[in-house]
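Any value given below was found using the heavy atoms of this structure, including those in side chains, with hydrogens, waters and symmetry copies removed. Reminder, nothing fancy here: chain letters follow the sequence lines and each chain counts from 1.
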Amino acid sequence: MEYILIIISAIFVNNVVLAQFLGICPFFGVSKQVETAVGMTGAVIFVMTVATIVTFLLQKYVLDVFEIQYMQTITFILVIASLVQLVEIILKKVSPALFQALGIFLPLITTNCAVLGVAILAVRPDYGFDLMQSTVFAIASAIGFGLALVLFAGLREHMDLANIPKGMKGVPIAFVTAGLLALAFMGFSGIA
Amino acid sequence: MSKLNIFTKGFFKENAVFVMLLGLCPTLGTTTSALNGLGMGLATTFVLVLSNIVVALVKNQIPDKVRIPAFIVIIASFVTVVELLMQAYLPNLFEVLGLFIPLIVVNCLILGRAEAFASKNNVLDSAIDGLGMGLGFAMALTILGVVREILGSGSFFNFKIYPGDGALVFVLAPGGFIALGFIIALLNKLTKQS
């Protein structure tokens with residue numbers, strides 16, 4: 001039950017992109033086509049989950065033990081950056097097909113603030129997550145990111161054909177669409 | 001390029017938020033009021049200027065292959081400095097901005113300037129570039145903050161300007177997207193006419 005609550009809250013109620021403003025850059029950058037959006041989602045689910053597990057363990061067994069919590073930002077970003085490199089190397093060796101599909105998205109993930117944001121949120125004292133809960137939280141957040149991204153990409157594909165005022169074309173209409181999508185997601189806020 | 005040019009390009013021609021669409025997460029996440037936007041903008045400026053200076057100083061010592069991780073470490077150190085300073089001297093602002101303070105590390109604007117400008121130019125130019133870009137970013141955040149605060153809570157830098165609470169939606173997430181969309185549309189129209 002507790003896990004279900006975490007999952008629903010992370011995907012719908014506190015959606016990383018639409019409610020918490022994390023990962024906006026890739027949200028606008030790779031949402032021109034549904035296909036690339038799906039690829040990015042795969043890469044994010046993978047990296048976010050692994051990154052959260054590693055940073056959670058580091059926080060619990062290194063930073064907290066030695067009372068150097070102020071090193072959190074530097075430690076976490078280094079873990080994420082090296083993890084992305086590592087994932088890239090391993091994927092290239094183990095599964096070239098998957099590497100082909102996710103390859104170009106991986107370097108972009110280092111500067112995806114959703115990954116760092118979720119890693120920091122998962123170790124917040126007021127959440128009080130254990131390792132299992134953090135992992136579930138990370139997976140659900142990544143799925144929430146993917147859901148928003150794929151929905152938005154679908155909308156944008158249609159928007160290309162729509163007849164809109166000239167000044168609104170391109171970026172401005174994309175922002176307004178994202179705003180309406182966020183408005184729709186606010187409807188979930190009563191659930192959890 | 002003259003020093004003045006380097007300084008002013010961050011405000012209009014290459015404004016980080018309105019033109020280049022960099023650093024959107026803090027732009028939308030922290031501009032619930034004008035003051036918060038300004039605070040976030042100045043914190044980012046501080047990190048940007050110092051990281052630009054240090055990157056310009058050490059650019060010849062860093063091997064090309066590891067330059068991105070090296071830049072990230074430099075930026076993360078200054079972000080930690082800002083985090084500790086804010087916690088000590090501006091605890092209220094620190095509470096409000098919360099998660100977005102450590103997230104200055106992944107603001108693509110800062111890494112972008114380190115890579116595109118500071119790693120190719122001298123220290124003085126890099127400092128000026130950082131200051132111009134940072135203040136341009138702060139300006140954009142303040143503008144968005146002012147718009148959202150007026151529409152969303154009916155006040156201007158915390159001074160009540162009309163009775164009532166305004167449309168709450170502009171303080172919440174959807175309003176941020178919509179307000180920024182319309183501001184960019186307006187700027188597009190203005191710049192195309194001139």
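Exactly one of B/Val106, B/Val105, B/Val82 qualifies for a side-chain contact (heavy atoms from CB on, under 4.5 Å) with A/Thr73. That residue is B/Val105.
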| request: Test B/Leu24 against A/Phe28 for side-chain contact (heavy atoms from CB on, under 4.5 Å), laying out the working first. | output: CA-CA 10 Å; B/Leu24 289 176; A/Phe28 282 100; 4.1 Å; yes

| Should B/Phe100 and A/Leu22 be marked as a side-chain contact (heavy atoms from CB on, under 4.5 Å) after you check the CA-CA gap, both sets of side-chain angles, and the distance that decides it? | CA-CA 9 Å; B/Phe100 285 98; A/Leu22 298 174; 4.1 Å; yes

| field | Test side-chain contact (heavy atoms from CB on, under 4.5 Å) applied to A/Val176 and B/Phe177, step by step | value | CA-CA 6 Å; A/Val176 174; B/Phe177 285 112; over 6 Å; no

| query | Taking it one step at a time, do A/Met186 and B/Leu172 satisfy side-chain contact (heavy atoms from CB on, under 4.5 Å)? | reply | CA-CA 9 Å; A/Met186 269 179 67; B/Leu172 299 173; 3.4 Å; yes

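In this structure, chain B has heavy atoms under 4.5 Å from both the backbone and the side chain of A/Leu183. With a 4.5 Å cut-off on non-hydrogen atoms, A/Ile74 touches chain B through its backbone and its side chain both. With a 4.5 Å cut-off on non-hydrogen atoms, B/Thr30 does not touch chain A at all. Both the backbone and the side chain of A/Ala178 come within less than 4.5 Å of a heavy atom of chain B. The parts of B/Leu99 that come within reach of chain A are both its backbone and its side chain, each placing non-hydrogen atoms under 4.5 angstrom from that chain. Both the backbone and the side chain of B/Leu28 come within less than 4.5 Å of a heavy atom in chain A.
The shortest distance between side-chain heavy atoms of B/Ile184 and A/Phe175 falls below 4.5 Å.
Clustering ILVMFWY residues whenever any of their side-chain heavy atoms sit less than 4.5 angstrom apart, transitively, puts A/Tyr70 in the very cluster that holds A/Phe66. Follow the hydrophobic side-chain contacts under 4.5 Å out from A/Val47 and you never reach A/Leu86; the two are in separate clusters. A continuous path of Ile, Leu, Val, Met, Phe, Trp and Tyr side chains, each step under 4.5 Å between heavy atoms, connects A/Val62 with A/Ile53, placing both in one hydrophobic cluster. With hydrophobic clusters built from ILVMFWY side chains whose heavy atoms lie under 4.5 angstrom apart, A/Val54 shares a cluster with A/Tyr61.
The SG atom of A/Cys25 lies 8.5 Å from the CG atom of B/Leu21; values are rounded to the nearest 0.5 Å. Atom NZ of B/Lys189 is separated from atom NZ of A/Lys166 by 8.0 Å, given to the nearest 0.5 angstrom. Here the straight-line distance linking atom CD1 of B/Ile101 with atom CD1 of A/Ile120 works out to 11.0 Å at 0.5 Å rounding.
By the neighbour-count criterion of 12 heavy atoms within 6.0 Å, atom CZ of B/Phe157 is densely surrounded, having more than that number from other residues, nucleotides or ligands. The number of heavy atoms from other shown groups lying within 6.0 Å of CD (A/Glu35) does not exceed 12. Within a 6.0 Å sphere centred on OH of B/Tyr89, other residues, nucleotides and ligands contribute 12 heavy atoms or fewer. Atom NZ of A/Lys93 is surrounded by 12 or fewer heavy atoms from other residues, nucleotides or ligands within 6.0 Å. Crowding of A/Tyr3 atom OH: a count of heavy atoms from other residues, nucleotides or ligands under 6.0 Å exceeding 12. The local environment of NZ in A/Lys92 is sparse, with at most 12 non-hydrogen atoms from other residues, nucleotides or ligands closer than 6.0 Å. Within a 6.0 Å radius of CE in A/Met71, other residues, nucleotides and ligands contribute 12 heavy atoms or fewer. Annotation for B/Phe7: atom CZ counts as buried by contact number, over 12 foreign heavy atoms lying within 6.0 Å.
Listed options A/Ala184, A/Ala182, A/Pro172 were ranked by heavy-atom pairs under 4.5 angstrom with chain B; first place goes to A/Pro172. Contacts with chain A were tallied for B/Leu111, B/Ile178, B/Val169; B/Ile178 has the most, counting heavy-atom pairs under 4.5 Å.
The shortest heavy-atom contact between A/Met168 and B/Ala185 is SD-CB, 3.4 Å. Taking each heavy atom of A/Gly179 and B/Pro174 in turn, the nearest pair found is O-CB, 3.3 Å. When all heavy atoms of B/Cys25 and A/Gly23 are compared, the closest pair comes out as SG-N, 3.4 Å.
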